[in-house]
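Structure record follows, encoded as structure tokens.
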Amino acid sequence: MITRLLRTMMGESVGEMETLIRHGRRCLSCAGRIVFTLLKHNLTGDRYTGKHTCRSIATYSIYIYCLYLDSSSSSSSSSCINRINSCLDEAAELASLPSFDGCIGEMNVSDGILKCIGCEGHVNHANYSKLSYHCQQFGHYASCLRLQNVFCVAETCVLLRKSNLQSLIVRWIISEKHVDGLCKLLLQNSETLTSLEFIYCKLSPTFVSAICGSLNVVNTHTHGIKHFSINTSSFLEINPVSLPPGFVSFLSSGRSLCSLKLHDNHLDRNFAWMLFSVLLDASSSLSILDLSDNNIAGWLCNLNGKSKCKVPLSLGIGKSLQSLRVLNIRGNDLHKDDVESLRCALVSMPNLEILDISDNPIEDDGIRCLIPYIVEAHDRCSPLAELYLENCELSCSGATELLDSLSNLKRPLNSLSLADNGLGSEVAGPLQKILGTAIKTLNVGGVGLGSLGFQELEKGLMTELKLVDINISKNRGGFETARFLAKLISLAPNIIAINTAYNLMPLESLTVICSALKLSKGSLERLDLTGNNWDFQPNHASMVAEFHHNGRPILILPSYLAVDVPYDDDP
């Protein structure tokens, strides 16, 4: 392969070289050796012409690398992007030091980065080790970048002037200087950028409006952003009666916007209500709305009263929420009254498929408010398919009412999670009914089934199940967990993953589980048995060794290093 590539590089067309590379799966590992060989023979110069012009041996090495990526899997392309970002992250660490006083482009690329492209120690080009050289030569390959605030300066726009960014993640934007530099970069890539995420930022209304205004395509009042996220950040000086004008314009004019995530930003009820109002009247095809881990309790209280369960006509009926498929409002301290209001708002989301209200203390009264919506949605042929109610302070009574209602639907849910609610062993009966439907994913980890609950579940399994994934971890089921597993494996031919960690199973459970796996004809890929205090014997290793899927072990066993650490699920 090396010989053929060298012959091509020294006399034949670039087109033939591309063909060779696409058929040579070892080209990436050979790149460094090719460079070393060319240098050894002093074959440096501008003799390679064609669709791509390579003006140095270092450039040619990475050209080979990028051609290799073109013919490889998407994971290889992701690896290339990660290496480019590693280079920028490394430079950001140095530029963030108080002692740094210079140009970012003049910073040296470390030997570790050069080693990734096979050129460590072989190239003596005066500028090759400079960050500016790599940005100028290979910036057009950088479609997805993550930038620290030190890169949000005018110099970065020059370094990345050849880039066509599609996805950008920025961190620690906290000053006007950062915003000014970022806005220039956004303007420079406004025609190609489709995904923008902010992390650990402090954003004033002025900052938000400036950033959103920079996203508009030149000479238009619209943008091409599809995915917009602000995570673990703060909105400063929030106006209690209006959102930043630029943000409102961004939401209203973005017909391409399909994902809006505002996670863990300390948002209050007023902000959430104003956002909801804008989205009701917007024209985007929003598919995902994530407001998780904020403090928006009471955000929909305006929907109660005389207009109960009807969206006020003054808000309009845009298509943003009508196209919504995913609503995530977990971790917002929501209560029963919030669920009542939510039920009214859900009428504006006829295409909702996934609803996550986990980590909210809605209790049984809250779930009783939600049940009528689920039944009505089914009657309207709503596509609702996944419901997440983890850690909602539900009791067995509320969960039973929900499970009974779900079990009677002609078109059951695909996925349900009731994890981390103290339901007790009595919930086993209602769980039997839901298991008998066509549900594919069920999470009942940490609900307190105990040995009696697993015993009841095992007795109730009679017919073939449609399950693909089930989580029954942290239920203190003991040996009855293994008995249930054996029955489950025999009746669920399509099951792929089972999580039964931390169930206080004795070691003899392993024999029961392995016997069930030998008899099964299913497609199980992963069975998590971690967190059980087992004292392994040599014969146990051979017992589990035969169970593999695509070269990986099916049984995920307890760590030998943690066998003496007891599990305690008490609060």
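The shown structure was predicted, so the numbers you read here are calculated from the model rather than taken from an experiment.
- Note that CZ of Arg146 and CG of Leu168 are 11.5 Å apart. Values are rounded to the nearest 0.5 Å.
- Considering CD1 of Ile374 and CG of Leu402, their distance stands at 5.5 Å, rounded to 0.5 Å.
- The closest side-chain heavy-atom distance from Asn270 to Val241 is not below 4.5 Å.
- Using modelled atom types, one side-chain atom of Ser209 and one backbone atom of Gly246 make a donor-acceptor pair closer than 3.5 Å.
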**OP:** Check the pair Asp356 / Asp290 against side chain to side chain contact (heavy atoms under 4.5 Å, CB included), numbers first and verdict last.
**Re:** CA-CA 9 Å; Asp356 190 346; Asp290 184 349; over 6 Å; no
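- Residue Cys201 comes nearest to Arg171 through the heavy atom pair SG-C, 4.3 Å, listed as atom of the first residue, atom of the second, then distance.
- With sequence neighbours left out, the side-chain contact (heavy atoms from CB on, under 4.5 Å) criterion links Ser242 to Asn239.
- In plain terms, the two heavy atoms of Trp299 and Ile329 that are nearest each other are CZ2-CG2, 4.3 Å.
- Between Ile357 and Leu342, the shortest heavy-atom distance links the atoms CG2-CD2, 4.0 Å.
- Two residues are said to be in side-chain contact when any heavy atoms from C-beta on lie closer than 4.5 Å; Asn295 and Asp268 fail this criterion.
- Note that the SG atom of Cys369 and the CZ atom of Arg343 stand 7.5 Å from one another [nearest 0.5 Å].
- Rounding to the nearest 0.5 angstrom, the gap separating the CG atom in Leu279 from the CD atom in Gln322 is 12.5 Å.
- Remark: side-chain polar atoms of Ser473 are not paired, donor with acceptor, to backbone N or O of Asn499 under 3.5 angstrom.
- Between the side chain of Asp528 and the main chain of Ala501, no donor-acceptor pair closer than 3.5 Å is present.
- For the pair Asn332 (side chain) and Asn294 (backbone), a donor-acceptor distance under 3.5 Å is present.
- Between Ser252 and Val278 the shortest side-chain heavy-atom distance falls below 4.5 Å.
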**OP:** May I have the step-by-step check of side chain to side chain contact (heavy atoms under 4.5 Å, CB included) for Asn149 and Val170, ending in yes or no?
**Re:** CA-CA 7 Å; Asn149 56 12; Val170 290; over 6 Å; no
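- Distance alone, capped at 3.5 Å, is enough to place a donor-acceptor pair between the Asp338 side chain and the His335 backbone.
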Subject >> Residue pair Asn443, Tyr388: steps toward the side chain to side chain contact (heavy atoms under 4.5 Å, CB included) verdict >> reply: CA-CA 9 Å; Asn443 185 353; Tyr388 299 91; over 6 Å; no
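- Between Ser163 and Leu160, the shortest heavy-atom distance links the atoms OG-O, 2.7 Å.
- Taking both residues in full, the closest heavy atoms of Leu413 and Leu384 are given as CD2-O, 3.7 Å, listed atom of the first, atom of the second, then distance.
- Put simply, the side chain of Ser190 gets close to the backbone of Leu187: a donor and an acceptor are under 3.5 Å apart.
- Within the structure, every pair that satisfies the side chain to side chain donor-acceptor pair (under 3.5 Å) test and touches residues 223-237, not counting sequence neighbours, is listed here: Glu197-Asn231.
- Of the possible donor and acceptor atoms, one in the side chain of Ser323 sits under 3.5 Å from a partner among the backbone N and O of Leu286.
- With contacts defined as side-chain heavy-atom distances shorter than 4.5 Å, the pair Lys261/Asn328 does not qualify.
- Within the 3.5 Å criterion, the main-chain N or O of Leu267 finds no donor-acceptor partner in the side chain of Asn265.
- Two residues are said to be in side-chain contact when any heavy atoms from C-beta on lie closer than 4.5 Å; Val339 and Leu334 fail this criterion.
- Residues Phe276 and Leu321 form a side-chain contact, since some pair of their non-hydrogen atoms from C-beta on lies under 4.5 Å apart.
- Side-chain contact between Leu291 and Leu275 is present, with heavy atoms from C-beta onward closer than 4.5 Å.
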Original post:
So Ile362 and Leu370, side chain to side chain contact (heavy atoms under 4.5 Å, CB included) or not? Walk me through it.
Top reply: CA-CA 10 Å; Ile362 63 173; Leu370 193 62; 5.7 Å; no
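- Panel note: side chain Asn421, backbone Leu389; a donor-acceptor pair is recorded below 3.5 Å.
- The shortest side-chain heavy-atom distance between Leu355 and Leu346 falls under the 4.5 Å cut-off.
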Original post:
Checking side-chain hydrogen bond (donor to acceptor under 3.5 Å, both in side chains) for the pair Ser417/Glu390: CA distance, chi angles, key distance, verdict?
Top reply: CA-CA 6 Å; Ser417 179; Glu390 301 165 10; 2.8 Å; yes
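- The shortest heavy-atom contact between Leu418 and Val447 is O-CG1, 3.3 Å.
- At distances below 3.5 Å, not a single donor-acceptor pair connects side-chain atoms of Asn414 with backbone N or O atoms of Ala385.
- For the side-chain hydrogen bond (donor to acceptor under 3.5 Å, both in side chains) criterion with Arg330, the lone passing option out of Asn360, Asn391, Asp359, Asp293 is Asp359.
- Note on Asp180 versus Lys177: no salt bridge recorded, every NZ/NE/NH1/NH2 to OD/OE distance being 4.0 Å or above.
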